[in-house]
Amino acid sequence: MRRRTLITGAAASGIGGITLIGSGAFDTATAERTATVNFADDENAYLGLISESEYAVEEEGELALDFTEVSADSDGIGRNSEYYFDAVFAIANQGTQPVSVTASSDAESFDGDFRLYPTDDRSGTLDDADNVIDIGVGDQRSVGTHIQTGDVDTSNDVAIDISIEAVFDDEGDDGGDEPDEPDPEPPETIDMTEFFSTSSLVAADGSPLDDDSVVAVRAEPTAENEDPEEDDEFVSYPDDTEIPLLAVDGNVLGFGSDLGSDGSDVDANRTLMANAWQTVLDGTGTVLYDETHGQTLTLDAFSALESVAEDRGFDVEAIGSEFVDALNDADAVMVATDNDDVASDGGFSDAERSALADFVDDGGAVFLHGTASFDGTSNGVLNAVLDELDAGFRFNFDQVTDEENSGFAPFVPRTSNFNDDEFPDFFLAEGEL
């Protein structure tokens with residue numbers, strides 16, 4: 001036995017405005033002769049109504065039935081007459097499952113009969129579940145109109161309400177009452193990011209890092225890493241391993257460069273940063289920017305990022321003193337280095353690293369920004385913090401370059417090599433998160 005489930009019903013404001021004229025009673029019609037069927041004018045609607053005759057005219061998303069031209073003198077439908085109009089319009093199945101359609105009308109307002117029938121069966125009707133037309137996916141069925149007039153009072157307009165109802169065969173056992181909705185449009189994403197003078201990230205044990213659960217952004221396959229300062233801690237990436245530029249371990253994030261600063265005109269950098277903040281914090285909050293360790297880059301160098309974040313509801317503030325105490329009022333802390341600025345200032349004390357570990361244990365987030373080893377680096381200072389945090393990654397002592405995908409120079413690699421399987425929200429376009 002077929003199970004049917006209602007998918008849509010359309011109540012039509014029917015032959016309102018039609019005056020049925022008796023032969024010879026009047027010289028002209030005194031009102032519009034239209035029957036309007038209101039139905040979704042939408043290519044994604046489950047059903048569509050399509051004109052098949054001069055009597056059915058599409059007007060602004062509605063199907064109007066106009067029988068003005070029935071008589072030779074354009075007086076319309078006559079009194080005490082019977083009409084069969086075959087193939088007036090068609091009902092099309094635009095959904096994903098076969099449907100059965102019924103159509104009924106409320107003609108109590110005039111002395112006669114009005115019904116819709118399958119074009120190939122003038123004696124038929126579509127008025128109940130025993131009288132249906134079955135329409136396969138992508139198919140359409142033609143519908144005719146039968147009108148039998150009685151002794152109609154031509155001084156009044158006649159209104160007929162039409163209802164069209166469609167059901168689909170439900171063979172499943174889940175009891176669902178609607179067909180599958182079309183997949184929603186995917187959200188927009190950022191196209192490309194630019195990592196100026198960036199280092200790479202490595203695993204905690206100092207080996208190349210190639211863990212999808214940790215690496216969020218990689219350089220393009222055309223990139224390579226080099227050791228311009230001949231550092232003993234340099235880790236070379238083999239040709240078959242793509243170089244990581246952003247790593248994530250819980251609430252601890254490591255960026256190879258000062259991504260998000262005003263030094264780059266790539267807005268996607270700041271969108272990625274704000275997305276990362278919002279995703280890791282599961283919302284917004286207070287982000288403190290550290291200026292207590294000799295940073296060359298103050299919060300002023302990140303004014304565009306600050307603006308984007310504050311538009312989303314973040315409170316971004318600079319820490320000018322008392323680093324440990326400031327953490328009590330923060331949800332996240334950002335540390336951005338430039339060459340060896342923080343290292344030259346002495347780095348983070350034991351007490352500060354311990355406070356950061358407690359901060360992360362309590363749910364706080366730490367965003368660390370390294371730099372390439374070209375003119376000195378503070379990556380060793382940041383690695384000491386990562387040691388205390390027991391994070392799954394460290395900063396490398398290198399410089400990542402890309403001769404084919406870069407900004408104004410090879411040491412400004414650009415990439416869209418995003419790990420959107422593990423970190424999809426990081427790469428949403430502005431306004432999508």
Side-chain angles (χ1 to χ4, degrees), residues 189-190 192-195 198-221 223-225 233-260 268-269 271-282 332-337 353 356-357 359-361 363-373 377-400 402 413-428 433:
T189 58
I190 59 176
M192 172 272 298
T193 53
E194 181 179 83
F195 283 72
T198 184
S199 69
S200 65
L201 288 307
V202 295
D205 63 3
S207 62
L209 177 62
D210 191 21
D211 183 347
D212 279 343
S213 69
V214 176
V215 179
V217 178
R218 294 177 170 90
E220 297 292 342
E224 58 184 18
N225 74 320
E233 297 181 77
F234 167 74
V235 177
S236 177
Y237 268 86
D239 292 340
D240 60 353
T241 302
E242 295 174 345
I243 301 171
L245 303 179
L246 167 57
V248 182
D249 186 358
N251 283 8
V252 181
L253 278 67
F255 300 81
S257 74
D258 59 3
L259 190 74
N269 290 356
T271 299
L272 171 59
M273 285 284 299
N275 286 349
W277 291 5
Q278 192 168 341
T279 302
V280 171
L281 292 180
D282 194 24
V333 61
M334 175 180 173
V335 179
T337 63
R353 292 195 296 269
L356 281 172
F359 178 67
V360 171
D361 287 342
V366 175
F367 308 111
L368 303 176
H369 294 253
T371 186
S373 295
T377 183
S378 296
N379 286 0
V381 168
L382 299 182
N383 284 345
V385 173
L386 292 171
D387 287 341
E388 189 74 27
L389 301 180
D390 196 25
F393 64 88
R394 301 292 185 273
F395 289 91
N396 200 356
F397 294 82
D398 66 347
Q399 177 174 254
V400 179
D402 194 328
R414 290 181 167 181
T415 182
S416 57
N417 193 357
F418 305 144
N419 183 3
D420 48 14
D421 287 335
E422 292 290 335
F423 306 95
D425 289 347
F426 279 25
F427 311 110
L428 296 176
L433 184 59

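Only this structure's heavy atoms are used, side chains among them; waters, hydrogens and symmetry mates stay out.
With rounding to the nearest 0.5 angstrom, the CG atom of L272 is 6.0 Å from the CZ atom of F255. To the nearest 0.5 Å, the span separating CG on N417 from CG on L246 amounts to 12.0 Å. How far OG1 of T337 is from CG of D258: 8.0 Å, rounded to the nearest 0.5 Å. L382 CG to T377 OG1: the interatomic distance, rounded to the nearest 0.5 Å, is 7.5 Å.
For D210, the salt bridge (Lys or Arg N to Asp or Glu O under 4.0 Å) partners at least two apart in sequence or on another chain are R218. Shown here are the salt bridge (Lys or Arg N to Asp or Glu O under 4.0 Å) partners of R414, two or more places apart in sequence or in another chain: E194.
Using a 4.5 Å heavy-atom threshold, the side chains of D402 and E220 count as touching. For the pair N225 and F234, the minimum side-chain heavy-atom distance is below 4.5 Å. Looking at heavy atoms from C-beta onward, R394 lies out of side-chain contact with E233 at the 4.5 angstrom threshold.
Relative ring orientation between F423 and F426 is described as tilted, the plane-to-plane angle lying within the 30° to 60° band.
Under the side-chain contact (heavy atoms from CB on, under 4.5 Å) rule, F395 has a single partner from S378, S373, S199, S200, which is S199.
A donor-acceptor contact shorter than 3.5 Å is absent between the side chain of E242 and the backbone of A219. For T193 (side chain) and N269 (main-chain N/O), no donor-acceptor pair under 3.5 Å exists by modelled atom type.
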